[in-house]
Amino acid sequence: MANLPDETLTTISNLLPRLFKVINLAMETEFSLFEQYGETDETIGELEQVRNAEERLRTLYNRIYGLVLQVAESQPAANSATLNLLYQSIEQAVATAYAVEATAQETKRNWNLL
């Protein structure tokens, strides 16, 4: 079984719950906006923006999860392409989580959903 450094495993084990929370925040924001204001000309852009942001983060969450499993199942070692994709995905997920969180918070402020 291929191994990852403890630091990488710790990063992943901290990152996945963060991604979960930010995905949840985005979905809650979308739901609140839709419930309070509906899908109108004024809200459609913000609803799509939050939905797209959440989907990007969901894709990264699934990619990281899948890549970690691929590494764990690799024998005798994971190939460098898989490892590089894992590390790139981690970096993207961290940056995207901050962006999605900011988008959701901005939408909440703009529509008084706080």
Side-chain angles (χ1 to χ4, degrees):
M1 180 160 103
N3 285 318
L4 289 170
D6 287 342
E7 181 180 323
T8 301
L9 291 172
T10 299
T11 298
I12 293 166
S13 68
N14 291 331
L15 180 59
L16 292 180
R18 167 125 170 83
L19 298 180
F20 172 86
K21 289 177 184 176
V22 177
I23 290 167
N24 192 45
L25 171 65
M27 294 184 78
E28 178 222 344
T29 302
E30 179 189 356
F31 178 78
S32 295
L33 180 59
F34 181 78
E35 282 291 304
Q36 289 187 24
Y37 297 98
E39 192 168 338
T40 66
D41 289 340
E42 292 81 24
T43 62
I44 194 129
E46 297 239 21
L47 287 167
E48 287 178 8
Q49 183 179 8
V50 172
R51 196 174 299 129
N52 290 337
E54 175 267 322
E55 185 59 36
R56 282 193 317 271
L57 208 51
R58 180 193 311 255
T59 298
L60 286 165
Y61 184 101
N62 288 329
R63 182 182 305 152
I64 290 168
Y65 184 82
L67 288 168
V68 167
L69 287 176
Q70 280 183 334
V71 169
E73 295 168 349
S74 297
Q75 291 300 321
N79 71 42
S80 62
T82 301
L83 292 172
N84 287 337
L85 186 55
L86 174 62
Y87 290 121
Q88 288 173 353
S89 297
I90 290 169
E91 288 178 22
Q92 285 178 327
V94 169
T96 303
Y98 284 112
V100 171
E101 186 172 41
T103 297
Q105 294 297 347
E106 181 181 354
T107 299
K108 284 182 157 195
R109 279 191 302 278
N110 289 345
W111 292 92
N112 295 317
L113 301 173
L114 300 173

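If you're wondering where the values come from, they're calculated on a predicted model, not measured in any experiment.
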Trainee: Measure the CD1-OG1 distance between Ile23 and Thr96 for me, rounded to the nearest 0.5 Å.
Mentor: 10.5 Å

Trainee: Give the minimum heavy-atom separation between Ser13 and Pro17, together with the two atoms involved.
Mentor: O-CD, 3.1 Å

Trainee: Can you check whether Asn14 reaches Thr10 side chain to side chain, under 4.5 Å on heavy atoms?
Mentor: yes

Trainee: Could you tell me if the side chain of Glu30 sits less than 4.5 Å from the side chain of Glu48, heavy atoms only?
Mentor: no

Trainee: Say whether Phe20 and Tyr98 are linked into one hydrophobic cluster, either directly or through other cluster members, by side-chain heavy-atom distances under 4.5 angstrom.
Mentor: no

Trainee: About how many Å separate CD of Gln36 and CG of Asn112, when rounded to the nearest 0.5 Å?
Mentor: 9.0 Å

Trainee: Going from CD on Glu46 to CZ on Phe34, what distance comes out if it is rounded to the nearest 0.5 angstrom?
Mentor: 15.0 Å

Trainee: Going by atom types only, do Arg56 and Gln92 share a side-chain donor-acceptor pair under 3.5 Å?
Mentor: no

Trainee: Does the pair Leu19 and Tyr65 meet the rule for a side chain to side chain contact (heavy atoms under 4.5 Å, CB included), with working shown?
Mentor: CA-CA 11 Å; Leu19 298 180; Tyr65 184 82; over 6 Å; no

Trainee: Quick one: are Leu67 and Ser89 in side-chain contact, heavy atoms under 4.5 Å?
Mentor: yes

Trainee: Where the side chain of Thr82 meets the backbone of Ala78, is there a donor-acceptor pair that is under 3.5 Å apart?
Mentor: no

Trainee: What do you reckon, is CZ of Phe31 surrounded by more than 12 foreign heavy atoms closer than 6.0 Å?
Mentor: no

Trainee: I'd like to know if the side chain of Thr11 reaches the main chain of Glu7, judged simply by a donor and an acceptor atom lying under 3.5 Å from each other, with no hydrogens or angles considered.
Mentor: yes

Trainee: Determine, step by step, whether Thr29 and Glu54 satisfy the side chain to side chain contact (heavy atoms under 4.5 Å, CB included) criterion, reporting the C-alpha distance in whole Å, the side-chain angles of both residues, the deciding distance to 0.1 Å, and the verdict.
Mentor: CA-CA 10 Å; Thr29 302; Glu54 175 267 322; over 6 Å; no

Trainee: Verify the neighbour count for atom OH of Tyr87: are there more than 12 heavy atoms of other residues, nucleotides or ligands below 6.0 Å?
Mentor: yes

Trainee: Does a sphere of radius 6.0 Å around CG in Asp6 hold more than 12 heavy atoms from other residues, nucleotides or ligands, not counting ones at 6.0 Å or beyond?
Mentor: no

Trainee: Could you check whether any side-chain heavy atom of Leu83 comes within less than 4.5 Å of a side-chain heavy atom of Leu4, counting everything from C-beta outward?
Mentor: yes

Trainee: Quick one: closest heavy-atom pair of Ala104 and Ala26, and the distance?
Mentor: CB-CA, 4.3 Å

Trainee: Is Ile90 close to Leu60 at the side-chain level, that is, under 4.5 Å between some pair of heavy atoms?
Mentor: no

Trainee: Consider only side-chain N and O atoms of Thr59 and Asn62, and report whether a donor and an acceptor are under 3.5 Å apart.
Mentor: no

Trainee: Compare all side-chain heavy atoms of Glu42 with those of Trp111 and state whether any distance is below 4.5 angstrom.
Mentor: yes

Trainee: Rounded to the nearest 0.5 Å, how far apart are OG1 of Thr107 and CG of Leu25?
Mentor: 9.5 Å

Trainee: Do Arg18 and Tyr61 form a cation-pi contact, if we require the NZ or CZ to be under 6.0 Å from the six-membered ring centre and within 45 degrees of the ring's axis?
Mentor: no

Trainee: Taking all non-hydrogen atoms of both residues into account, name the closest pair between Gly38 and Thr43 and its distance.
Mentor: O-OG1, 2.7 Å

Trainee: Tell me whether Met27 is reachable from Leu47 by hopping between hydrophobic residues (I, L, V, M, F, W, Y) whose side-chain heavy atoms are closer than 4.5 Å.
Mentor: no

Trainee: Report yes if some heavy atom in the side chain of Lys108 is under 4.5 Å from a heavy atom in the side chain of Leu33; otherwise report no.
Mentor: no

Trainee: Restricting to non-hydrogen atoms, name the atom on Val22 and the atom on Glu101 that form the minimum distance, rounded to 0.1 Å.
Mentor: CG1-N, 3.8 Å

Trainee: Give me the atom names and distance for the closest heavy-atom approach of Leu15 to Ala93.
Mentor: CD2-CB, 4.0 Å

